[in-house]
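Have a look at the structure below, then the notes.
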Amino acid sequence: MSFQPSDTPEPLLQVKALSLEYATRERRVRATHNVSFNVFPADRFVLLGPSGCGKSSLLKAVGGFLPPLSGEILLDKRAITHPGPDRMMVFQEFDQLPPWKTVLDNVQFPLRVTGTLSAREARDQALHYLEKVGLADFADAWPHTLSGGMKARVAIARALAMKPKVLLMDEPFAALDALTRRKMQEELLELWDEVRFTLLFVTHSIEEALLIGSRILLLSPHPGRVRAELNSHQFERREEGGEAFQAAARRIHDLLFPPTTAPYSASARLLQGQDAPLPLLSE
Ligand SMILES: Nc1ncnc2c1ncn2[C@@H]1O[C@H](COP(=O)(O)OP(=O)(O)OP(=O)(O)O)[C@@H](O)[C@H]1O
Ligand SMILES: [Mg+2]
């Protein structure tokens, strides 16, 4: 009798009933409440919700920078207890690159710190990823000579060069102008097509979530709870102006900001506590 492997892949990242809290001297602030989700290998998993719902806090917790108040986070079935090179983070700030290091040094520095690569190997790997983001010709440039989009590309190359199990991105394009942001979104998807990394991406833009995400977790306002989990992998970059895309965006908008006059709508049901994940966009 042969053993049949299961068709369902194991989740790479499991967030289980996670509540997060900040304790200051004056008070305690609950950031998320009982949030659960699974990220599978090569998912582009988006956390979407209004300002203050705890998206960055969730990313910090997955990064190992914020310990759970309750619940747990497992990466490859092991509890996350501290930061590690298997979870690289890209932020929205323009200036996340030390200005005294060239572009190449910025990318190869973390590779050298791990101590597993020789100087030559680290340099080759850094150059390989700079090439992937179209910046091989800027290896010797200083960060202050780069545009915002180029700095974001360097930060992405630096993170991917570490070959993390999951790439964490916290509104990485929010500080860019609209045209550059759109270009970066497209480039990120092209890079994903090529490298197939696992992405956990935070945004408060519905359109960005639909463009970037293969799965979208909707979070309610502060403190963040799961409102719905959606598939959105049928959307292509070119479909943004299309009817289906706009309908999906409206539907997400209604889930995030429920219309008060529609008591029987899906969003009203969700508000009444039936917040089981709905496969709204995948059907
Ligand atoms: N260092 C901190 N100390 C105390 N409270 C904090 C801290 N960081 C965040 N909070 C609080 O935790 C809650 C969630 O914040 P968080 O930054 O995770 O939200 P967010 O969804 O990322 O919002 P935004 O879209 O504005 O970035 C908020 O109420 C915030 O005030
Ligand atoms: Mg945030």
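Keep in mind that the numbers below use all heavy atoms, side chains included, and drop hydrogens, waters and symmetry copies. When a ligand or atom number is given, it counts from 1 through the structure's own listing order. Predicted model, so just to flag it, every value in this text is computed and none were measured.
The protein heavy-atom contact nearest to atom 14 (C) of ligand 1 is Gly52 O, 3.4 Å. Nearest protein heavy-atom contact of atom 27 (O) of ligand 1 is Ser56 OG, 4.0 Å. Annotation: atom 15 (O) of ligand 1 to nearest protein heavy atom, Ser57 OG, 3.8 Å.
Salt bridge absent: Glu186 and Arg182 never bring a charged side-chain N and a carboxylate O closer than 4.0 Å. Ion pairing of Asp177 with Arg181 is absent here, as no side-chain N (NZ or NE/NH1/NH2) approaches a carboxylate O to less than 4.0 Å.
Where the criterion is an N or O separation shorter than 3.5 Å, residue side chain and backbone included, Ala31 fails it with respect to ligand 1. At a 3.5 angstrom cut-off on N or O pairs, Arg30 does not count as close to ligand 1. By the 3.5 Å distance cut-off applied to N or O atoms, Val29 is not counted among the residues near ligand 1.
Note that atom 30 (C) of ligand 1 has no protein non-hydrogen atoms nearby, at separations under 4.0 angstrom. Protein heavy atoms are found less than 4.0 angstrom from atom 18 (O) of ligand 1.
At least one heavy atom of Cys53 sits closer than 4.0 Å to an atom of ligand 1.
Among the atoms of Ser56, an N, O or S atom is found under 2.8 Å from the Mg ion (ligand 2).
Two residues are said to be in side-chain contact when any heavy atoms from C-beta on lie closer than 4.5 Å; Leu200 and Phe37 meet this criterion. At a threshold of 4.5 Å between non-hydrogen side-chain atoms, the residues Val46 and Arg44 do not count as touching.
For Phe45 and Phe201, the gap between ring centers reaches or exceeds 6.0 Å.
For the pair Arg87 (side chain) and Val62 (backbone), a donor-acceptor distance under 3.5 Å is present.
Residues Leu59 and Leu69 fall into different hydrophobic clusters, defined by Ile, Leu, Val, Met, Phe, Trp and Tyr side chains chained together at heavy-atom separations under 4.5 Å.
Against a heavy-atom cut-off of under 4.0 Å, Gly54 is close to the following atoms of ligand 1: 14 (C), 16 (P), 18 (O), 19 (O), 20 (P), 21 (O).
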